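The structure appears right after this line, and notes come after that.
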Amino acid sequence: ERFHEVTCPKKIKIVVCRNWSDCNRFATPFWGTPLAVTIPTGTVTFVTPRALAFRADIAELLRHELSHAVLKQNRSLLRL
């Protein structure tokens, strides 16, 4: 919020998927194999199994996705 100078009016849920079946069950199918995905409403972020396999810096990954969430919550869904 501070970085983008906007507020985040809704809470953001972080869902860590144990496997790709969980990802497909909880979220729409992904294009490719992303490390994490934030849905267009900016209220849910899914961390995929690839994040662990890739040995990603989870703090940096979440910071990046939370940035997407804040921006998505501050724009109209019609402007995607």
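Quick caveat, the model's predicted, so the values are computed rather than measured.
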Would Leu66 and Ile14 count as a side chain to side chain contact (heavy atoms under 4.5 Å, CB included) here? Give the steps. CA-CA 9 Å; Leu66 290 173; Ile14 307 293; 4.1 Å; yes

Test Asp22 against Val15 for side chain to side chain contact (heavy atoms under 4.5 Å, CB included), laying out the working first. CA-CA 10 Å; Asp22 283 354; Val15 178; over 6 Å; no

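- Under the 4.5 Å side-chain contact rule for hydrophobic residues, Leu62 and Leu35 share a cluster.
- Annotation: Arg18, atom CZ; neighbour count of heavy atoms from other residues, nucleotides and ligands within 6.0 Å does not exceed 12.
- In the hydrophobic clustering of ILVMFWY residues, with side-chain heavy atoms under 4.5 Å counting as a link, Phe26 and Val16 come out apart.
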Side chain to side chain contact (heavy atoms under 4.5 Å, CB included) between Thr33 and Trp20: does it pass, once the steps are laid out? CA-CA 9 Å; Thr33 53; Trp20 288 103; 4.2 Å; yes

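- By the 6.0 Å contact criterion, CZ on Phe54 is open, its count of non-hydrogen atoms from other residues, nucleotides or ligands being 12 or less.
- The stretch residues 56-70 participates, sequence neighbours left out, in these salt bridge (Lys or Arg N to Asp or Glu O under 4.0 Å) pairs: Glu60-Arg63.
- Gln73 approaches Cys8 most closely through the heavy-atom pair OE1-SG, 3.3 Å.
- Using modelled atom types, one side-chain atom of Thr48 and one backbone atom of Pro34 make a donor-acceptor pair closer than 3.5 Å.
- For Thr43 (side chain) and Ile12 (main-chain N/O), no donor-acceptor pair under 3.5 Å exists by modelled atom type.
- When all heavy atoms are compared, the tightest approach of Ala69 to Gly42 is CB-O, 3.5 Å.
- Applying the side chain to side chain contact (heavy atoms under 4.5 Å, CB included) criterion to Leu71, with sequence neighbours excluded, gives His4, Ser67.
- Asn74 places a side-chain N or O within 3.5 Å of a backbone atom of Thr7 that can act as its donor or acceptor partner.
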